[in-house]
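A quick write-up on the structure given underneath.
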Amino acid sequence: MSDLTVPIVELSLIVAATAFGLGVLNYRGVWFVRAAKTWLFTTDHRRIGLMYIVTGFVFFFIGGIYAILIRTDLGLVQGLGLDPQTTLGITPDVYSTLFTMHGVLMIFMFIIPVLAGFGNFLVPSMIGAKEMALPKINAVAFWMVPPAGVILLFSNAYAGWTGYVPLSTEAFAPNSHGIDLWILGLHILSISSMLGALNFLVTIIKHRAPGVEYWNMPLFVWATLINSVLLLLALPSLSAGLTMVLADRNFGTHILAAANGTPLGGALLYQNMFWFFAHPEVYIMVLPAFGIISTVIPKLARKDIFGYAAMAISLGVFAVLSFAVWEHHMFVTGISTNVRFVFMLSTMAIAVPSAIKTFNWLATLWGGRIWLAVPMWFCVAFITGFVIGGLSGLLLASVPIDYLYHATYFVVAHFHYIILGGTLMGIFAGIYFYYPIWTKRWYNQRLGQLHFVLTYVGVNVLLFPMFILGAEGMPRRVYTYLPTADFQFWNLISTVGALVLGVGQLVFAYNMVYSYFAGEKVVGDPWGDPLPSTMKGPAPTSAARPSPVVPAIGATPDRVS
């Protein structure tokens, strides 16, 4: 693959986007300018929330393209016994860029912005506030995200999404400033996230309506509140570590670089700083999804959430423990046995709040008048994916087992089950639940069900073979592998799952866009009591409890245009 290939492709995309924009201005100039002014300069929390979500999904599809290329190399090309360099032009350097950009875009440009979008749209209405506490800062925080995403795309970074030193401090001739641009993009996103977190904290603490107390707030608000605290405490560690890398690369410092003959010390310092941020970051990516699931399940099960206090307290326990487990990412670095033992116990302790939430969701479903609408399908999928990811995490929490699986595809499967099997399913549950509220139009139910089937099957066919590959010793972060029959077969199966998952997301995109213009109009509360023929579970008794009311629905305005 030529060194000019990526810049040429990116330049072509920019030219195509510019031509499309000029075409729109030519035919619908007045309409476009009016609409652009409405959205570009808005401080309305609802519009900003939707822009976060749309922007996140744009980068979701871009990051998905990187993932498909990775799986095509490992599964389709090498699974059929072909050479990736001669077939696809994927060299070790190209592969490093692919998996680096995939990870960075999916975490920082998809999951975090989309969950921030849900928070922006829902939190003020859930607590009875008219607007976010700092609306202009809210708008500034969003408009820092798109340019940061463009900078990350042009960085073509190659050091992995973790940016480990000494790899990230070394000069790489074909892309000498890639890491510098990568750090710049992440710094901008960090500032954006901290501004958003401060805004959420002030809004929730100071702008609750009379009667909205901490112990009757919706669980999504609890999740957003705790999530904001995590962001404010964790992000400075990432920013400090990245600034050290930037200084070593450009200003001649030796904070992390090889100095005094101890390069390992710098590498371990960076790992401690990075994982002090990155393990809370895992919960930053999951806690808002917990809140979404805890909103959708009670509404569609026609029951109050089981164990509200325990659910809220467990969110806080997650927050505390998330800062007490980062060293489990470094079990194989030679740290003290006593230190490893303490972090092993703290990591296993996270199973307690995880189990509380899982059993409480199941208890909420038990005996409910369950409406098996598309959002409920994704809620159930979330529970199964989170359980698989959590149980595999318990295995990795054990030091001896981690020694075997640390650098293998077992870890890849574990992490992706939390993110794809968990957070992604929660995001889709929220999208399908709130779409008719946001747009006042229904999506196509059949396409929604097809999207669920393709997504659920794709995620499991993609990820479960990785457990087998990891157990058999296949290392992660390598562009090629020993051509054993098992490695080739399971990589091929995993790639089939990736393709199925990708097709499912195309169905989702078509359904959302088409339904926005042509979907059946919603009248009243879209998630009010459905017809008995669409219900599952026992029929209501004469003394049935009233249906719970989700504050966000009652306070949601008309369709945003």
Yes or no on side-chain contact (heavy atoms from CB on, under 4.5 Å) for E327 and V342, after CA distance, side-chain angles and deciding distance? CA-CA 9 Å; E327 204 80 19; V342 170; over 6 Å; no
Between Y283 and W326, does the ring centre distance come in under 6.0 Å? no
Treating S346 as the side-chain partner and F343 as the backbone partner, does any N or O pair qualify as donor plus acceptor under 3.5 Å? yes
In terms of ring plane angle, is the pair Y270 and Y164 parallel, tilted or perpendicular, where the classes change at 30° and 60°? perpendicular
Mind checking whether V374 and Y443 have side chains closer than 4.5 Å, heavy atoms only? yes
Are any side-chain N or O atoms of D402 and backbone N or O atoms of A397, one a donor and one an acceptor, separated by less than 3.5 Å? no
Atom CH2 of W366 with >12 non-hydrogen neighbours under 6.0 angstrom: no
Checking the side chain of N444 only, and the main-chain atoms of N511 only, is there a donor and an acceptor separated by less than 3.5 Å? no
Does T42 reach the side chain of M51, with side-chain heavy atoms less than 4.5 Å apart? yes
Counting C-beta onward and ignoring hydrogens, is there a side-chain heavy-atom pair between F142 and N120 closer than 4.5 Å? no
Yes or no on ring-ring contact (aromatic ring centres under 6.0 Å, His included) for W161 and F274, after CA distance, side-chain angles and deciding distance? CA-CA 11 Å; W161 78 275; F274 178 83; 5.4 Å; yes
Near-ring test F318/F290, centroid separation under 6.0 angstrom: yes
Apply the ring pair (Phe, Tyr, Trp, His ring centres under 6.0 Å) test between F323 and each candidate in W275, F276, F277; give the one that qualifies. F276
Side-chain donor or acceptor of S237 paired with backbone N/O of A234 under 3.5 Å: no
Please verify the inter-ring angle class for W215 with W222; under 30° counts as parallel, over 60° as perpendicular, anything in between as tilted. tilted
Got a second to check how far I305's CD1 is from M311's CE, nearest 0.5 Å? 4.0 Å
Run F378 and I427 through side-chain contact (heavy atoms from CB on, under 4.5 Å) and show every step you take. CA-CA 9 Å; F378 279 102; I427 287 173; over 6 Å; no
Would you say Y214 has more than 12 foreign heavy atoms packed within less than 6.0 Å of its OH? yes
About how many Å separate CD1 of I111 and CG of L424, when rounded to the nearest 0.5 Å? 7.5 Å
Check whether the ring centres of F110 and F59 lie less than 6.0 Å apart, and answer yes or no. no
Do I356 and V317 have side chains that approach each other closer than 4.5 Å (heavy atoms only, starting at C-beta)? no
Compare all side-chain heavy atoms of M132 with those of H207 and state whether any distance is below 4.5 angstrom. no
Consider side-chain contact (heavy atoms from CB on, under 4.5 Å). Of V114, L153, V145, I62, which one does M109 pass it with? V145
Give the C-alpha distance, both sets of side-chain angles, the deciding distance and a yes or no for side-chain contact (heavy atoms from CB on, under 4.5 Å) between F415 and V282. CA-CA 9 Å; F415 177 72; V282 173; 4.3 Å; yes
Taking S193 for its side chain and S190 for its backbone only, find out whether a donor-acceptor pair lies under 3.5 Å. no
So P280 and L233, do their side chains get closer than 4.5 Å, heavy atoms only? no
Closest heavy-atom pair and its distance - S155, L181: CB-CB, 3.6 Å
Between V296 and A429, the two heavy atoms sitting closest are CG2-O, 4.3 Å
Ignoring hydrogens and angles, tell me if any N or O in the side chain of N138 forms a donor-acceptor pair with the backbone of H45 under 3.5 Å. no
Centre-to-centre under 6.0 Å for W361 and F382, is that the case here? yes
Can you establish whether the number of heavy atoms outside E131 located under 6.0 Å from its atom CD is more than 12? yes
Could you tell me if the side chain of D44 sits less than 4.5 Å from the side chain of W39, heavy atoms only? no
Correct closest heavy-atom pair for I127 and V221 would be CG2-CG1, 3.8 Å
If you measure from CZ on R302 to OG1 on T364, what distance do you get to the nearest 0.5 Å? 14.0 Å
So, W442 side chain and P436 main chain: donor-acceptor pair closer than 3.5 Å or not? no
Would you name the heavy atoms of G426 and I292 that are closest together and state the gap between them? O-CG2, 3.4 Å
If the plane angle is over 60° it's perpendicular, under 30° parallel, otherwise tilted; pick one for H328 and H279. perpendicular
Inter-residue atom distance T38.OG1 - R47.CZ, 0.5 Å rounding: 6.0 Å
Do F508 and F57 have their ring centres less than 6.0 Å from each other? yes
Please determine whether side-chain contact (heavy atoms from CB on, under 4.5 Å) holds for the pair L219 and K357, giving the CA-CA distance in whole Å, both sets of side-chain angles, and the decisive distance to 0.1 Å. CA-CA 11 Å; L219 287 172; K357 303 198 76 64; 5.7 Å; no
Under 3.5 Å side-chain donor-acceptor pair for T455 and H451: yes
Taking the side chain as everything from C-beta on, heavy atoms only, tell me whether I112 gets closer than 4.5 Å to L189. no
In Å, rounded to the nearest 0.5 Å, how long is the span from CG of L256 to CG of L246? 11.0 Å
Measure from the side-chain N and O atoms of N272 to the backbone N and O of L268, and report whether any donor-acceptor pair falls under 3.5 Å. yes
Specify the closest pair of heavy atoms between L152 and V104, including all atoms of both residues, with the distance to one decimal. CD1-CG1, 3.7 Å
Apply side chain to side chain donor-acceptor pair (under 3.5 Å) to N460 and list each qualifying residue two or more places apart in sequence or on a separate chain. Y417
R441 to F517, cation-pi by 6.0 Å centre distance and 45° axis angle: no
Around atom CZ of F61, are there more than 12 heavy atoms of other residues, nucleotides or ligands at under 6.0 Å? yes
Got a second to check how far I53's CD1 is from I48's CD1, nearest 0.5 Å? 12.5 Å
Side-chain donor-acceptor pair present, Y435, S515, cut-off under 3.5 Å: no
Between W438 and Y434, what is the ring plane arrangement, given parallel below 30°, perpendicular above 60°, and tilted in between? parallel
What is the ring orientation for W527 with F433, classed by angle as parallel under 30°, tilted 30 to 60°, or perpendicular over 60°? parallel
So which atom in T295 and which in F220 form the shortest heavy-atom distance, rounded to 0.1 Å? OG1-CB, 3.8 Å
Check the surroundings of atom CZ in F99: do more than 12 heavy atoms from other residues, nucleotides or ligands lie under 6.0 Å from it? yes
